[in-house]
Amino acid sequence: MTTSAELFDLASRHIPGGVNSPVRAFKGLHRPPVFMERAQGAFLFDVEGNRYVDYVGSWGPMITGHADQDVLAAVRARLDNGLSFGTPTAVETTMADLICEMIPSMDMVRMTSSGTEATMSAIRLARGTTGRDKIVKFEGNYHGHSDSLLVKAGSGALTHGEPSSPGVPASLAEHTITLSFNDPEGVEACFSEIGDQIACIIVEPVAGNMNCIPPQPGFLETLRRVCNEYGSVLIFDEVMTGFRVALGGAQAHYGIVPDLTCLGKIVGGGMPVGAFGGKREIMQNISPLGPVYQAGTLSGNPLAMAAGVALLTKLQVPGFHDALSQRVNTLCTGLQERANAARVPMMTQSAGGMFGLFFTSQSRVDNFAQATACNPDAFRRFFGAMLDHGVYLAPSAYEAGFMSSAHTPEDIQFTLDAAEKPLPLC
Ligand SMILES: Cc1ncc(COP(=O)(O)O)c(CN[C@@H](CN)CCC(=O)O)c1O
């Protein structure tokens, strides 16, 4: 039997870092990544036959569990028709109608093949619509890897950003202003100084890429107000929160209406799909209707649309998200009780079907600085011990966890029992 470690060595010969996306590499965890062979419901099964209760769910899409029979059936039903035509198909209209029904702020929507494409396109659309170059993002928010969004706060935080990756031209990064999440005063100060130069704000309405950090009261409201006042476009990056925090996404949960919304993950049911959309008067600027160019060979792929439509349809069952949130609360409460009993400084934060574990004595984590002040070694030890006890958590202290409707009370109890073992060590 080939082990994960052996497969990782083989993969590393021709794949940079042995992975096709960096977070999969278990970097900093002092152990090779686990190679999975199959998945079903709440479970992953690795190449050595080990079973794991999975709280990553392919980084969000598997909200009804892996290998959902309805989603698989929808894909199977189209397989024999062919995989991709490069022409319009009726199922794309079905998807667009469903998204615009589920997220009322979206009058129109354009499909892409990833969340990165969705946010990149939304930024270009905001710039093309306003004629402005500057954009505002928040430290610790991740919106995919397009150049304008791989930027950190520069020395002159309000004047220009600096690349957060080699290969991003400084001349482009300088148009991206990076502010602190949950700091409405900082947003006010920025806009009072240069608001008329700002094309858009892009924000994760619940930050899920620096662990799990919900917005504090007033933060999203401030973003909406300054965008109205200065004519900037408010973009909610709901690639992760869309259909997860609530049926209508974080915007439904918090009652803030963005101008544009970016989607991914769940919207594709596990197939490569992203989307961006919003107000008709903005979306009509997108090619071929308007001058802002945007395209994609596999955008709206019929198989992917079938998977996404099948999954989104299942989420409309009354009470789905309440039950999902209840599962998250049961897990987080149980972990907190065990950490307290073991006197381990750990606390949890959550929003709907997503959650985060923070190894810290802080009572709340509101921003990137506080998130990075947590204990990474304690996380690494806890992660490794939980993996050894059959629980697959996100392999990074700065990622959120994801619950599914396939997780049973027994699966959550199994997870809590597993946590009893390593917590004292952390
Ligand atoms: C809020 C948000 N916006 C955009 C993206 C980028 O989406 P993709 O290009 O990976 O489909 C993401 C991608 N999320 C990461 C995990 N935090 C995907 C996992 C990975 O990069 O392998 C996101 O969370």
Side-chain angles (χ1 to χ4, degrees), residues 11 15-27 29 33-34 36 54-63 110-124 135 137-151 164-165 181 200-215 220 235-245 249-251 258 260-277 294 296 298-299 301 304 307-308 351-357 368 371 392-402:
I15 305 172
V19 293
N20 282 305
S21 199
V23 73
R24 303 175 191 169
F26 280 26
K27 196 161 183 171
L29 295 176
V34 180
M36 299 301 169
D54 177 26
Y55 292 100
V56 177
S58 183
W59 300 101
M62 303 304 162
I63 192 168
R110 168 64 58 84
M111 305 311 296
T112 64
S113 297
S114 70
T116 292
E117 283 182 82
T119 58
M120 174 180 71
S121 304
I123 295 286
R124 183 179 313 126
I135 66 173
K137 69 179 288 284
F138 294 91
E139 194 174 30
N141 276 200
Y142 175 68
H143 304 289
H145 59 91
S146 63
D147 285 352
S148 282
L149 292 165
L150 291 182
V151 177
S164 60
S165 165
F181 192 76
C200 65
I201 292 176
I202 185 165
V203 66
E204 291 182 58
V206 174
N209 285 285
M210 48 175 166
N211 207 309
C212 180
I213 301 182
L220 297 179
I235 302 173
F236 272 15
D237 176 352
E238 297 227 41
V239 166
M240 183 183 288
T241 57
F243 315 109
R244 175 162 290 280
V245 168
Q251 59 193 269
L260 294 178
T261 297
C262 301
L263 300 170
K265 298 179 189 286
I266 291 171
V267 76
M271 301 280 276
V273 178
F276 67 99
Q294 195 280 341
L298 296 173
S299 297
N301 172 271
M354 60 191 279
F355 63 92
L357 312 179
F368 183 71
Y392 195 87
L393 299 172
S396 163
Y398 306 112
E399 294 288 352
F402 302 102

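The first residue of the sequence shown is numbered 1, and numbering continues consecutively from there. First listed ligand is number 1; within each ligand, the first listed atom is number 1.
- Not a single N or O atom of W59, backbone or side chain, sits closer than 3.5 Å to an N or O atom of ligand 1.
- Against a heavy-atom cut-off of under 4.0 Å, H143 is close to the following atoms of ligand 1: 3 (N), 4 (C).
- Per-residue contacts place Y142 under 4.0 angstrom from the following atoms of ligand 1 (heavy atoms of the residue considered): 1 (C), 2 (C), 3 (N), 12 (C), 13 (C), 23 (C).
- Less than 4.0 angstrom separates some heavy atom of S21 from each of these atoms of ligand 1: 20 (C), 21 (O), 22 (O).
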Working note: E399 + N211, criterion side-chain hydrogen bond (donor to acceptor under 3.5 Å, both in side chains); need CA distance, chi angles, decisive distance, verdict. CA-CA 4 Å; E399 294 288 352; N211 207 309; over 6 Å; no
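- Taking distance alone, with nitrogen or oxygen atoms compared against 3.5 Å, N209 approaches ligand 1 more closely than that limit.
- Only the side chain of K265 comes within 4.0 Å of ligand 1, judged by heavy-atom distances.
- Closest protein heavy atom to atom 3 (N) of ligand 1: D237 OD2, 2.7 Å.
- An N or O contact shorter than 3.5 Å is missing between G144 and ligand 1 by distance.
- Residue contacts with ligand 1 for E399 involve side-chain atoms from C-beta outward but no N, CA, C or O (heavy atoms, distance under 4.0 Å).
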Test log, rule side-chain contact (heavy atoms from CB on, under 4.5 Å), inputs E204 and T241: CA-CA 8 Å; E204 291 182 58; T241 57; 5.9 Å; no
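- Contacts with ligand 1 closer than 4.0 Å are made by heavy atoms of both the backbone and the side chain of T116.
- Between P33 and R24 the shortest side-chain heavy-atom distance does not fall below 4.5 Å.
- A side chain to side chain contact (heavy atoms under 4.5 Å, CB included) with K137 is found for one member of T119, L149, I235 and no other, namely L149.
- Of the protein's non-hydrogen atoms, the one nearest atom 8 (P) of ligand 1 is G115 N, 3.6 Å.
- Residues F243 and I63 share a closest heavy-atom pair of O-CD1, 3.5 Å.
- Listed for the S164 side chain is a donor-acceptor partner under 3.5 Å among the backbone atoms of V151.
- Ring geometry for F355 against Y55 counts as perpendicular: the plane angle is over 60°, on a 0 to 90° scale with 30° as the lower cut.
- Contact annotation: the side chain of F276 never approaches that of L260 to less than 4.5 Å [non-hydrogen atoms, C-beta and beyond].
- With ligand atoms numbered from 1 in the order given, ligand 1 contributes 17 (N), 24 (O) to contacts under 4.0 Å with heavy atoms of M240.
- Of all the atoms in ligand 1, the ones that sit under 4.0 Å from a non-hydrogen atom of V23 are 20 (C), 22 (O).
- With a 4.0 Å cut-off on non-hydrogen atoms, E204 touches ligand 1 through its side chain and not its backbone.
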Just do the side-chain hydrogen bond (donor to acceptor under 3.5 Å, both in side chains) check on R124 and Q294 with the steps written out, would you? CA-CA 9 Å; R124 183 179 313 126; Q294 195 280 341; over 6 Å; no
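- Within a 4.0 Å radius of atom 10 (O) of ligand 1, the protein contributes no non-hydrogen atoms.
- Between the side chains of Q251 and T261, at least one donor N or O lies within less than 3.5 Å of an accepting N or O.
- For ligand 1, the atoms sitting less than 4.0 Å from at least one non-hydrogen atom of S114 are 9 (O), 11 (O), numbered in the order shown with element in parentheses.
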